[in-house]
Amino acid sequence: MRTHCHECRQPIPTESVNVSKDIAMCRGCRRGWSYAKLVAGQRLDQGVDLLNPPAGAWRRDEAGETVIGATYYSRGKFMTMLARAAVWNGLVFMFLREALDWTLGRSGIGKAGFLSASTVHADGAHGWGFAVL
């Protein structure tokens, strides 16, 4: 879709457009425009098939108008992030559990044995090899 400056009518190249900030900069008259206002009412390129959108895009008819959208959702990326979060949170939980167990033991409240997977030996070393101060 070609956009043109409303003042000098020169085409605005795509590298002069920032869609996320809604800014289109005309190099001819050095004026900034709202990109949404520049493209409002323009027709899409004729090569676009609205009945068969590409993967990640969707189309639906609502109250007499067509709504088109897209998503960045990817099942593979979601599963990868879920696995990373599970591993990271498991590690964090393990260390927090040990810190709470050690704190309760040192404060005299008592060892929270239901939380800990490691043991403290008579010589003061944890079962994982960490020394207790």
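The shown structure was predicted, so the numbers you read here are calculated from the model rather than taken from an experiment.
Leu100 is not listed as a side-chain neighbour of Arg97, based on a closest heavy-atom distance of 4.5 Å or more. Counting heavy atoms from C-beta outward, Arg106 and Trp102 have side chains that approach closer than 4.5 Å.
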Contacts under 3.5 angstrom, residues 23-32 side chains, donor-acceptor by atom type, not counting sequence neighbours:
| residue | atom | partner | partner atom | Å |
| --- | --- | --- | --- | --- |
| Arg27 | NE | Ser16 | OG | 3.1 |
| Arg27 | NH2 | Ser16 | OG | 3.4 |
| Arg31 | NH1 | Glu7 | OE1 | 2.8 |

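Among residue pairs with one or both ends in residues 85-96, none qualify as salt bridge (Lys or Arg N to Asp or Glu O under 4.0 Å); sequence neighbours excluded.
In this structure, Asp61 contributes its side chain and Val67 its backbone to no donor-acceptor pair below 3.5 Å.
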What do the steps show when you test Leu51 against Arg59 for side-chain contact (heavy atoms from CB on, under 4.5 Å), and what is the final call? CA-CA 8 Å; Leu51 298 177; Arg59 174 188 176 270; 3.9 Å; yes
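Not counting sequence neighbours, the partners of Ser20 by the side chain to side chain contact (heavy atoms under 4.5 Å, CB included) test are Asn18. In this view, Arg60 and Glu62 satisfy the salt bridge (Lys or Arg N to Asp or Glu O under 4.0 Å) rule, not counting sequence neighbours. For Thr80, the side chain to side chain contact (heavy atoms under 4.5 Å, CB included) partners are Arg84, not counting sequence neighbours.
Hydrophobic cluster membership for Met81: none, as no Ile, Leu, Val, Met, Phe, Trp or Tyr side chain comes under 4.5 Å of it.
Surrounding CH2 of Trp88 are at most 12 heavy atoms belonging to other residues, nucleotides or ligands under 6.0 Å away.
To the nearest 0.5 Å, the span separating NZ on Lys77 from CG on Leu82 amounts to 16.0 Å.
In this structure, Val19 is a member of the same hydrophobic cluster as Ile12, with clusters built from ILVMFWY side-chain heavy atoms closer than 4.5 Å.
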